[in-house]
Asker: 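Take this structure, written in structure tokens, and hold onto it; I'll ask about it next.
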Amino acid sequence: MSLDRTGHHTAQGEAEPVSFGVRRSQLRVRTLVTLRWLVIAGEVLLLLVMGLGLGFQAPYPLCFAVIGAGAWINLLTGVASPGQRVFGDMEATGQLAVDLLQIGALLYLTGGTANPFILLLIAPVTLAAATLPARPVTALGVLAGALSVALAFFSLPLPDAPGREYVIPESYRIGAAIANMAGIALIAGYVRQAAEESARMALALDMTQAVLAREQRLSALGALAAAAAHELGTPLATISIVSKEMAREATTPQVKEDAELLIAQAERCREILKRLSETPETASDEVHERMSLRQLVQEVIEPHAGVKDVRVEAIVTGAPGVKTPDVWRLPEITHAMTSFVENAVDFAAAEVLVSARFDADSVSIEVRDDGPGFAPEILAKLGEPYVTSRPGVEGGRTGHIGMGLGFFISKTLLERTGAVVTFQNGRPRGAVVSARWPRSRIEVGAG
């Protein structure tokens, strides 16, 4: 995995990135049917209050016919499809367009834009903004705007009580149409932005969990290999000793040859186990889960130490008289800091320095390169998912086009371990990424 200078996450062999906005319909049949029943119930209640409670005059038979048609369509929709089914884009657009036309017809019968319930036209477009791609949302917004304009000029009179007559100026009706269109655009825009951000954050957190799970599996595999090396060492030593005794006391050349073969194979097994346990000097799980601060920074830079044209170095410094801490081997820290180092190597001119510092209260690790640094427009957004950028950043060695998740994942993983992560540009140039922990959060034996 690598991260580009704009916070993008890439990997070798990774497919071309895609846009992670709201790409397809997310509108379920049950959701639409339920919302429609609520709207229909509200329309019926409103007409009953107008007719029976307030005595307003209106073409009630036609109004109830329009409501009945909407109820029949909704009943057919609910019966024809399972409630969990998700509408296709075109189907969802058609369903919401029917809702707009039903509301528009009812408004035509009850005063058009002079009716304050013209705001109901906003509801289907808002639902579309939360669940559909951009093109259907735009189409439904245009339809709702067209209905608003049409209802400003063509409608039956606003219902009124007997003996009262209201004259609604045309300027008011036009103003109400314009206000309704502005409300449609504004509310739909807000809802769509919130829906996209929510979808992006959910996917980014899912990927963070996947990365963490992978790192934990790798860590567990390392511990298992170390434990196996430790446990198998004793029986292999016994086999080797017995085999040597058999070779010395062999009564025939064939027996001696077999014993020497056992000795050679036992030695080979010991060499294999030695390689497995090179990282943890002893094989117990408790010891494998801890490491010195120097071991941590060396492990972070090791995958990048042989990069051509870039020198990667690590240093550890501490306050005078303060003991160097041993820290827990946390896969979150290893993965995140390795990713930051990889990003620094990608953009460094000649050098990347990883420095670990400690004092009596805290431990910090800083990754600094001598490259072009973070772009000003990107620096303030680093750590957010899906920071957008142009393809291929000037100064990058790989030219990867990222998905905007790398810095978010790494920052999130570090914060879960108690770190405070900061991004800044160095002086006179270069980028600096640092993470700082209270010693009590990562030091072995602290607290």
Asker: Where do A188 and A129 come nearest, in terms of heavy atoms and distance?
Answerer: O-CB, 3.4 Å
Asker: With a 3.5 Å distance limit and no angle check, can you tell me whether N115 reaches the backbone of T110 through a side-chain donor-acceptor pair?
Answerer: yes
Asker: Would you please test L48 and F64 for side chain to side chain contact (heavy atoms under 4.5 Å, CB included) and show each step?
Answerer: CA-CA 10 Å; L48 291 177; F64 280 108; 4.2 Å; yes
Asker: Would you say CD of E170 has more than 12 non-hydrogen atoms from neighbouring residues, nucleotides or ligands within 6.0 angstrom?
Answerer: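 For E170, atom CD is not crowded (no more than 12 foreign heavy atoms under 6.0 Å).
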Asker: So D99 and L35, side chain to side chain contact (heavy atoms under 4.5 Å, CB included) or not? Walk me through it.
Answerer: CA-CA 11 Å; D99 291 343; L35 291 176; over 6 Å; no
Asker: How long is the straight-line distance from CG of L127 back to CG of L132, given to the nearest 0.5 Å?
Answerer: 7.5 Å
Asker: Using 0.5 Å steps for rounding, measure from the CZ atom of F340 to the CG atom of D369.
Answerer: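 So the gap between those two atoms works out to 12.5 Å.
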Asker: Quick one, E332 and L414 - any side-chain contact, counting heavy atoms below 4.5 Å?
Answerer: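 No - every pair of side-chain heavy atoms lies 4.5 Å or more apart.
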Asker: Kindly determine whether E443 and V363 satisfy side chain to side chain contact (heavy atoms under 4.5 Å, CB included), including the steps that lead there.
Answerer: CA-CA 9 Å; E443 184 179 7; V363 176; 6.0 Å; no
Asker: Are W437 and I333 packed together at the side-chain level, in the sense that at least one heavy-atom pair is separated by less than 4.5 angstrom?
Answerer: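 The answer is yes; the side chains approach within 4.5 Å.
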Asker: Quick one: closest heavy-atom pair of V310 and V345, and the distance?
Answerer: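 Heavy atoms only, the tightest pair is CG2-O, 4.1 Å.
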Asker: Has T113 got a side-chain atom pairing as donor or acceptor with R173's backbone, closer than 3.5 angstrom?
Answerer: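 Pair found, side chain donor or acceptor close to backbone of R173.
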Asker: Please confirm whether the backbone N or O of D370 pairs with a side-chain atom of R429, one donor and one acceptor, at under 3.5 Å?
Answerer: yes
Asker: Determine whether V316 and F358 make a side-chain contact, defined as any pair of heavy atoms from C-beta on separated by less than 4.5 Å.
Answerer: yes
Asker: Between R439 (side chain) and D359 (backbone), is there a donor-acceptor pair under 3.5 Å?
Answerer: yes
Asker: Any heavy-atom pair between the side chains of T31 and F87 that's under 4.5 Å?
Answerer: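 The answer is no; the side chains never approach within 4.5 Å.
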Asker: Whether the side chain of T138 engages the backbone of A134 through a donor-acceptor N/O pair (distance < 3.5 Å, no angle test) should be reported.
Answerer: yes
Asker: Are E366 and V432 packed together at the side-chain level, in the sense that at least one heavy-atom pair is separated by less than 4.5 angstrom?
Answerer: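 They are in side-chain contact.
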Asker: Could you grab the distance from atom CG of L107 to atom SG of C63, nearest 0.5 Å is fine?
Answerer: 10.0 Å
Asker: Any non-hydrogen side-chain atom of T338 less than 4.5 Å from a side-chain atom of E302?
Answerer: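 With C-beta onward as the side chain, the pair stays apart.
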Asker: Write down the atom of A144, the atom of I184, and the distance for their closest heavy-atom approach.
Answerer: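 Closest heavy-atom pair between A144 and I184: CB-CD1, 3.5 Å.
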Asker: For R135 and D89, run side chain to side chain contact (heavy atoms under 4.5 Å, CB included): C-alpha distance rounded to whole Å, both residues' side-chain angles, the deciding distance at 0.1 Å, then the answer.
Answerer: CA-CA 10 Å; R135 188 172 296 178; D89 289 349; over 6 Å; no
Asker: Mind checking whether T422 and R436 have side chains closer than 4.5 Å, heavy atoms only?
Answerer: no
Asker: Within this structure, what is the CG-OH distance for the pair L52 and Y60, rounded to the nearest 0.5 Å?
Answerer: 8.0 Å
Asker: Of the non-hydrogen atoms in A435 and A419, which two are nearest, and what is the gap between them?
Answerer: CB-CB, 4.3 Å
Asker: Decide yes or no for E43 and Q102: does some side-chain heavy atom of the first lie under 4.5 Å from some side-chain heavy atom of the second?
Answerer: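 Counting from C-beta outward, E43 and Q102 do come under 4.5 Å.
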Asker: Search all heavy atoms of L121 against all heavy atoms of G104 and return the closest pair with its distance.
Answerer: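 Reported closest heavy-atom pair: CD2-N, 4.3 Å.
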Asker: What is the distance from atom CD1 of I442 to atom CD1 of I365, rounded to the nearest 0.5 Å?
Answerer: 6.5 Å
Asker: Minimum heavy-atom separation for A128 to L96, with atom names?
Answerer: CB-CD1, 3.6 Å
Asker: How long is the straight-line distance from OG of S410 back to CE of M337, given to the nearest 0.5 Å?
Answerer: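 Answer for the CE-OG pair, M337 versus S410, is 9.0 Å.
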